[in-house]
Amino acid sequence: MALLRKAARPAGPKPVSLALQGGGAHGAFEWGVIDRLLEVSAIDIKAISAASAGAMNAVAVAAGLIEGGPEGARTKLEKFWKAVSQSSGGAFLGGNFTGSFGANWIENNPAYRYLESLSATVSPYDFNPLNYNPLRDILRNQIDFKAIREHATVELFISATAVRTCEAKVFRAQELIPEHVMASACLPAVFQAVEIEGEAYWDGGYLANPPIWPLAECKARDVLLVLLNPFVRKVTPKTASDIANRIDEIAFNAPLVAELRVVAQVHALIKKGVFKTGSGYQLLRFHSIDADGRLSDLKLSSKFNVDWNFLNDLKNRGRAAADEWLTADYAAVGDHSTIDIGKALL
């Protein structure tokens, strides 16, 4: 893994790469983070690495920047999440209940319970033989993939999991089509695998959530991790739903933990002089906006909650988290990491 060397602080806007985790509807939290960052002219988003819901945010940002710069990206993100909320899948589960019943209302929704039990016992190839996926139409209607392929102003790295070979595949801006994002967000218990050039793909979060290694190729030497799955829980889960929730969080944090452990080891070897910078091994600076304390009140079922009130609540949480980060850590961008990847997340 090539890592970028420390360099002098930039004089103008500070270049940053975003690393966006997947997490279903919780991706609206990332929407809020990005929305706030796009208001800051002193931040220049150079690259976005993403999985699943993070991939949706990534292509919305890329398309919006082409159409109208930072304000265009903010507008595109809002239109995209509005389309998600209005999708037929969201209508089936219900809508506009968050204000009355709380963010986790969907857990007791009969429609959700039915889908949950169905997916546990019946393959999507059986209960969804026509392979209906509302994300397909949303992507085709909201995102100009041809413009992204030809005119993207940010580098994109979208992960998916190759089903038959158990490999992490990363798709880049110059090749992106809607199916790549669908593959990145394909939950195998809900949707049929997405077939691309003879290979079947599932959710990218299984092996790269999000992928870190491609960011070593980018101009930005600062990486801002935006995380959707809490690392820390104060109590041991004991109910069936809480256990399932924690298993989901651990499973989807595991790829990031593994990658950051490798990065930390490479950093240590550089500092010991085993690896020499300039010979393929260099240093990145890491920062983080995490889910601990910000999304910890939410259960697994809420990742399927696309109620517009709930999505806007998540957006507001993300904006607040970005504000906190800007106050506490922005000054360090271009100079030093604000998290110790050998300790903070591992």
Side-chain angles (χ1 to χ4, degrees), residues 1-9 14-23 30 33 45-52 54 155 157-159 161 166-170 204-233 246 249-295 321 324-325 328-346:
M1 181 185 299
L3 304 173
L4 300 178
R5 69 169 61 89
K6 185 174 181 178
R9 290 174 130 185
K14 297 182 180 182
V16 172
S17 292
L18 301 182
L20 308 178
Q21 262 196 337
E30 293 173 337
V33 169
I45 300 173
K46 291 292 189 182
I48 306 177
S49 174
S52 198
E155 296 184 78
F157 306 98
I158 306 301
S159 69
T161 300
C166 193
E167 293 178 305
K169 173 69 174 179
V170 174
Y206 289 116
L207 292 179
N209 194 24
I212 301 300
W213 74 89
L215 297 177
E217 306 170 9
C218 302
K219 295 179 180 178
R221 304 184 179 189
D222 289 81
V223 176
L224 174 57
L225 304 169
V226 186
L227 309 180
L228 299 180
N229 300 295
F231 272 79
V232 177
R233 287 287 181 180
R246 192 56 180 153
E249 291 171 348
I250 292 172
F252 281 103
N253 276 332
L256 178 61
V257 169
E259 276 206 71
L260 291 180
R261 183 174 291 125
V262 172
V263 173
Q265 291 171 342
V266 172
H267 280 195
L269 292 172
I270 291 174
K271 292 173 182 177
K272 290 179 180 178
V274 177
F275 294 155
K276 303 295 184 182
T277 58
S279 60
Y281 298 96
Q282 304 177 56
L283 298 173
L284 286 172
R285 297 177 287 264
F286 284 90
H287 316 275
S288 176
I289 295 176
D290 59 50
D292 295 347
R294 296 185 174 108
L295 301 178
E324 293 175 14
W325 179 79
D329 295 334
Y330 170 75
V333 174
D335 185 69
H336 63 272
S337 294
T338 53
I339 60 170
D340 183 345
I341 59 173
K343 296 179 180 179
L345 300 177
L346 311 182

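Starting from 1, each residue takes its place in the sequence as its number. Every heavy atom of this structure was used, including side-chain atoms; hydrogens, water molecules and symmetry mates were not.
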If you compare all heavy atoms of S49 against all heavy atoms of L215, which two are closest, and at what distance to 0.1 Å?
CB-CD2, 3.8 Å
Using 0.5 Å steps for rounding, measure from the CZ atom of R261 to the CD1 atom of I341.
11.0 Å
Measure across F231 and R246 and return the closest heavy-atom pair with its distance rounded to 0.1 Å.
O-NH2, 2.7 Å
Shortest non-hydrogen contact between L295 and L227, atoms and distance:
CD1-O, 4.5 Å
Spell out, as yes or no, whether a donor-acceptor pair under 3.5 Å connects the side chain of N253 to the backbone of P230.
yes
Hey, can you tell me if Y206 and F252 have their rings parallel, tilted or perpendicular (30° and 60° cut-offs)?
tilted
Report the residue from L20, V16, V333 that forms a side-chain contact (heavy atoms from CB on, under 4.5 Å) with L224.
V16
Side-chain donor or acceptor of D222 paired with backbone N/O of G334 under 3.5 Å:
yes
For the backbone of N229 and the side chain of Q21, can you confirm whether one donor and one acceptor N or O come within less than 3.5 Å of each other?
yes
side-chain contact (heavy atoms from CB on, under 4.5 Å), that's the test. Do L256 and N209 meet it? Break it down for me.
CA-CA 6 Å; L256 178 61; N209 194 24; 5.6 Å; no
If you take all heavy atoms of E30 and G54, which pair is closest and at what distance?
OE1-CA, 3.3 Å
Gap between atom CD of E249 and atom CG of L228 - 0.5 Å precision:
11.0 Å
Stepwise side-chain contact (heavy atoms from CB on, under 4.5 Å) test for I45 and I48:
CA-CA 8 Å; I45 300 173; I48 306 177; 4.0 Å; yes
Specify the closest pair of heavy atoms between K14 and A331, including all atoms of both residues, with the distance to one decimal.
NZ-O, 3.4 Å
Does the pair K219 and E155 meet the rule for a salt bridge (charged side-chain N to carboxylate O under 4.0 Å, His left out), with working shown?
CA-CA 10 Å; K219 295 179 180 178; E155 296 184 78; over 6 Å; no
Of all heavy-atom pairs between V170 and P214, which one has the smallest distance, and what is that distance?
CG1-CG, 4.3 Å
H336 side chain reached by H287 side chain, heavy atoms, under 4.5 Å:
no
Can you tell me how far CZ of R233 sits from CD1 of I250, rounded to the nearest 0.5 angstrom?
10.0 Å
Under 3.5 Å: donor-acceptor pair, side chain of S159, backbone of A208:
yes
Within the side chain of S337, is there an N or O that forms a donor-acceptor pair under 3.5 Å with the backbone of F286?
yes
Here the gap from D290 atom CG to L225 atom CG, rounded to the nearest 0.5 Å, amounts to 9.5 Å
For the residue pair C218 and K46, establish whether any side-chain heavy-atom pair is separated by less than 4.5 Å.
no
Return the CD1 to CD1 distance between I289 and I339, rounded to the nearest 0.5 Å.
11.0 Å
